[in-house]
Amino acid sequence: MKTLLLFFLLTLSALAQERIQWYASWDMGLRQARVSGRPILLIAAAPHCHNVSGIW
Amino acid sequence: MDRSFLSKPEVVQASRQFVCIRLATYESFEEAQVLRGIFLGGSGQVENTTFALLSPDGKTPLVYSGRSPDFAFVNSQQMADTMGRIARHFGGRSSGELPTVVNLRLAVNVAACDGLPVVELVSEDPAQLRNWQSRLAAVAWEPALLGKAVYCLERRQVSKPGLVVLAPGKFGQDSQQIGWLDPDSATLGSDLLRLLAGYHAAEKNAHEHIFEGKRKGVFWQTQIPVTDPH
């Protein structure tokens, strides 16, 4: 039981660290979507706040 | 934008069946035109953030587009469930090229925003860069490396061409080399994973970050004018 719980916690921990892998340009992403036939998750965000960089 | 949905495990897992595109707003005139066709806020201008789920040809919105996922979903589980249904409808197959940012300047800033290192391929030889790009693309889409770095290519003369890992500065306007790898190495994937695993970014508080940046005179020059009224 303890082993199962540890495995569950480790899995949760690993998942929590996972992130989305983004394409960073429309042209490249659209090309990949057309080639793969997969739908698109699109986000746009400015990499600055009040012109201070380093934060979305 | 409420970006919390995008970091939830169920949404990250659902994203693996999508092609995920994140554009840097106000950094490209052409991409601003694309965003203009997808969502305009009440101002009638391109705003700081945009969210959409689109068909593979990029033409058909599949849910309500808006400034952020919470325009379309009440919570991350609903978003993940909807993405799962959409993915099953379209199917599709895995395919990936190296997901590069357009230049090193922007890559360093994006990496600083994400709390990630930059992986830069650098050489003055275009054929060598193309070859390395293919090799690194095969590695970058390995499950263990997904979302672990921001990539870019730079064609320029350096004393030691190859793969450079950079730690972005706090404000994403400078960086420090923290590793170098031979892209032709047979152990490129495991070596890169080891290097990336050793990088840990400091947590940021948005209010404090902006206050400190203003005090220090930090200024990010966008490529096109900022039109967000908020």
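We name chains A, B, ... by the order of the sequence lines, and we start the count at 1 in each one. Note that the structure is a prediction, hence the values are computed from the model and not measured.
- Note on B/G172, B/P99, B/A112, B/C113: by heavy-atom pairs under 4.5 Å with chain A, the leading option is B/C113.
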- Item | Worked check of side-chain contact (heavy atoms from CB on, under 4.5 Å) between A/M28 and B/T100 | CA-CA 9 Å; A/M28 186 184 286; B/T100 50; 3.4 Å; yes
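- Nearest heavy-atom pair, B/P56 versus A/P39, reported as atom, atom and distance to 0.1 Å: CG-N, 3.9 Å.
- Residue B/V226 touches chain A through its side chain alone, counting heavy-atom pairs closer than 4.5 Å.
- Annotation for A/W22 and B/I21: closest pair CE3-C, 3.6 Å, computed over non-hydrogen atoms.
- Between A/L41 and B/S15, the shortest heavy-atom contact is CD2-CB, 4.4 Å.
- For the residue pair B/L116 and A/R19, the shortest heavy atom distance occurs at CG-NH1, 3.5 Å.
- With a 4.5 Å cut-off on non-hydrogen atoms, B/L62 touches chain A through its side chain but not through its backbone.
- Note that OG of A/S36 and CZ of B/F18 are 11.0 Å apart. Values are rounded to the nearest 0.5 Å.
- Between the side chain of A/Y23 and the main chain of B/V101, no donor-acceptor pair closer than 3.5 Å is present.
- With a 4.5 angstrom heavy-atom cutoff, B/V218 touches chain A via backbone and side-chain atoms both.
- When heavy atoms are compared at a cutoff of 4.5 Å, B/L106 approaches chain A solely by way of its side chain, counted from C-beta outward.
- Options B/G213, B/A144, B/A52 differ in how many heavy-atom pairs under 4.5 Å they form with chain A, and the most are formed by B/A52.
- Of the possible polar contacts, none joining the B/T50 side chain to the A/A44 backbone as a donor-acceptor pair under 3.5 Å is found.
- A/I43 contributes atom CD1, which lies 11.5 Å from atom CZ of B/R67 (distance to the nearest 0.5 angstrom).
- When each of A/Q32, A/H48, A/R31, A/R34 is scored by its heavy-atom pairs under 4.5 Å with chain B, the top score falls to A/Q32.
- Taken to the nearest 0.5 Å, the OH atom of B/Y26 stands 10.5 Å off from the CG atom of A/N51.
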- Please test B/R93 against A/V35 for side-chain contact (heavy atoms from CB on, under 4.5 Å), starting from the C-alpha separation and ending with a verdict. CA-CA 9 Å; B/R93 59 189 174 80; A/V35 167; 3.7 Å; yes
- side-chain contact (heavy atoms from CB on, under 4.5 Å) between B/L6 and A/I20: does it pass, once the steps are laid out? CA-CA 8 Å; B/L6 301 172; A/I20 295 173; 4.3 Å; yes
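- Ranked by heavy-atom pairs under 4.5 Å with chain A, the list B/G115, B/A87, B/G96 is led by B/G96.
- For a residue to count as touching a neighbouring chain, one of its non-hydrogen atoms must lie under 4.5 Å from one of that chain's; by this rule B/L35 touches chain A with the side chain only.
- Heavy-atom distances place the side chain of B/K204, and not its backbone, under 4.5 Å from chain A.
- Proximity of a side-chain donor or acceptor of B/N109 to a complementary backbone N or O of A/G54 within less than 3.5 Å is detected.
- Counted by atom type alone, A/W56 and B/D114 present one or more donor-acceptor pairs between their side chains at under 3.5 Å.
- Looking only at heavy-atom pairs under 4.5 Å with chain B, the residue among A/V52, A/L42, A/L30 that has the most is A/L42.
- Heavy-atom distances place no part of B/F39 under 4.5 Å from chain A, backbone and side chain included.
- Enclosure of atom CZ in B/F219 by more than 12 non-hydrogen atoms of other residues, nucleotides or ligands within 6.0 angstrom is indicated.
- Of the two parts of B/E31, only the side chain, counted from C-beta on, holds a non-hydrogen atom closer than 4.5 Å to a non-hydrogen atom of chain A.
- Minimum heavy-atom separation, B/K148 to A/Q21: N-OE1, 4.2 Å.
- With chain A as the partner, the residue from B/C20, B/G169, B/P168 showing the most heavy-atom pairs under 4.5 Å is B/C20.
- With respect to chain A, the highest number of heavy-atom pairs below 4.5 Å among B/H209, B/E97, B/Q173 belongs to B/E97.
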- Start with the C-alpha distance between A/I40 and B/S55, add both sets of side-chain angles, then the distance that settles side-chain contact (heavy atoms from CB on, under 4.5 Å), and finish with yes or no. CA-CA 6 Å; A/I40 296 169; B/S55 56; over 6 Å; no
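- Interface check for chain B: of the options A/C49, A/S25, A/P47, A/G29, the most heavy-atom pairs under 4.5 Å are formed by A/P47.
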- Using the salt bridge (Lys or Arg N to Asp or Glu O under 4.0 Å) rule, take B/R16 and A/E18 through it: C-alpha gap first, then chi angles, then the decisive distance, then the call. CA-CA 11 Å; B/R16 303 299 190 228; A/E18 288 195 8; 3.4 Å; yes
